[in-house]
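Values below: every heavy atom of this structure, side chains too, minus hydrogens, waters and symmetry copies.
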Amino acid sequence: MLRTIFLSPRQLTSAGVPGKTNLLTRRELVFAVAGGIALAGVGQLLGRIFHLLWPVPMSGSIAAALPRTFILLVILLRINKFGALTVAAIAEVSTRLAMGFVGFWPMSIVVPLLAGASGDVIWWYLRYITSPGLRLILTGGSVCGARVLIALFFWGLLMRPISGADEHLALTLGCIIVINVVLGMTAGLLVGKSVKPPKGSQ
């Protein structure tokens, strides 16, 4: 079901035209799906508990940001193919649905899918960075920031207008975004120091 065609960044031309297509191997699919299941667990266990303690929109992302981004970056480093995070996002959403952890559906379904797709795009666009460590740090901060911004967009669109929020709440949300970016970059630093890419990967 998940065995769709995904393009490797190394097989895309600079103009964005796909060259030779490349399927994720069975082992890579299993790894990405396992990562997605772990992402669902992290969001539920850490994010929801923290949100109960501090009931502010997107506050749960602070608790989940570091471990979630760590898992995403390990997936990218191990698979290094365009579409890996999208597969992980599908697995994350499927796990949420199977376990009944749906909640507010845009946050539980739409946000993870869009965040996974945006993560693949970010990783691909940063492929020209020759330093693996710097690429991981920048990707971590960008992926983490993108997810909370997507969630914030849906919260503002469907729950209450951001323009109508008081100044204190707007400042709090801004701090949450900055904290997420910093934690994402920290995850990139940790992955770069603790996880080595498989032999033959670029």
Side-chain angles (χ1 to χ4, degrees), residues 1-4 6 24-53 58-123 132 135-137 139-151 176 179-198 201:
M1 180 174 62
L2 295 177
R3 205 168 179 78
T4 7
F6 292 100
L24 270 70
T25 65
R26 181 172 299 179
R27 179 177 294 181
E28 290 169 343
L29 281 171
V30 170
F31 191 83
V33 170
I37 295 172
L39 290 171
V42 166
Q44 294 301 315
L45 294 176
L46 299 180
R48 287 203 172 189
I49 292 176
F50 193 84
H51 187 267
L52 290 175
L53 297 175
M58 265 56 72
S59 61
S61 64
I62 295 176
L66 185 60
R68 175 190 286 147
T69 310
F70 189 94
I71 294 170
L72 291 173
L73 293 178
V74 170
I75 293 172
L76 286 173
L77 196 61
R78 287 294 182 181
I79 298 179
N80 196 23
K81 291 181 181 177
F82 191 88
L85 292 193
T86 302
V87 172
I90 294 172
E92 178 185 356
V93 170
S94 299
T95 303
R96 288 175 181 266
L97 293 174
M99 299 183 68
F101 295 145
V102 180
F104 185 44
W105 66 267
M107 300 300 182
S108 300
I109 299 176
V110 180
V111 170
L113 293 175
L114 291 179
S118 65
D120 281 321
V121 172
I122 291 169
W123 181 252
R135 187 185 183 194
L136 285 168
I137 291 173
T139 300
S142 300
V143 167
C144 206
R147 179 161 183 144
V148 73
L149 285 174
I150 293 170
I176 290 175
I179 292 172
N180 269 268
V181 172
V182 172
L183 290 174
M185 296 176 73
T186 302
L189 181 64
L190 293 175
V191 171
K193 289 183 175 297
S194 59
V195 181
K196 300 301 180 183
S201 65

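Taking every heavy atom of both residues into account, A146 and I122 meet most closely at CB-CD1, 4.4 Å. Among all heavy-atom pairs drawn from A88 and L39, the shortest one is CB-CD1, 4.4 Å. Here the closest non-hydrogen pair linking T25 and E28 is N-OE1, 2.9 Å. Of all the heavy atoms in F50 and A63, the pair that sits closest is CB-CB, 3.6 Å. What you find for V87 and A32 is that their closest heavy atoms are CG1-CB, 3.8 Å. Shown here for S118 and A115, the closest heavy-atom pair between the two residues is OG-O, 2.8 Å.
For the atom pair CG of L183 and CG of L66, the computed distance is 6.0 Å after rounding to the nearest 0.5 Å. Between L73 atom CG and I137 atom CD1 the span is 10.0 Å, to the nearest 0.5 Å. Once rounded to the nearest 0.5 Å, the distance linking CD1 of I37 with CD1 of I71 reads 11.0 Å. Within the model, atoms CG of L114 and OG1 of T86 stand 10.0 Å from one another, a figure rounded to the nearest 0.5 Å. Between T69 atom OG1 and L136 atom CG the span is 11.5 Å, to the nearest 0.5 Å. Note that the CG atom of L85 and the CD1 atom of I79 stand 8.0 Å from one another [nearest 0.5 Å].
Proximity of a side-chain donor or acceptor of S94 to a complementary backbone N or O of A91 within less than 3.5 Å is not detected. R147 places no side-chain N or O within 3.5 Å of a backbone atom of G116 that could act as its donor or acceptor partner.
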key: L76/D120 under side-chain contact (heavy atoms from CB on, under 4.5 Å): CA gap, chis, key distance, verdict   = CA-CA 8 Å; L76 286 173; D120 281 321; 4.3 Å; yes

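Inter-residue side-chain proximity for I109 and L97 is flagged as met; some heavy-atom pair is nearer than 4.5 Å. Side-chain contact check for L189 versus M185: every heavy-atom pair is 4.5 Å or farther apart.
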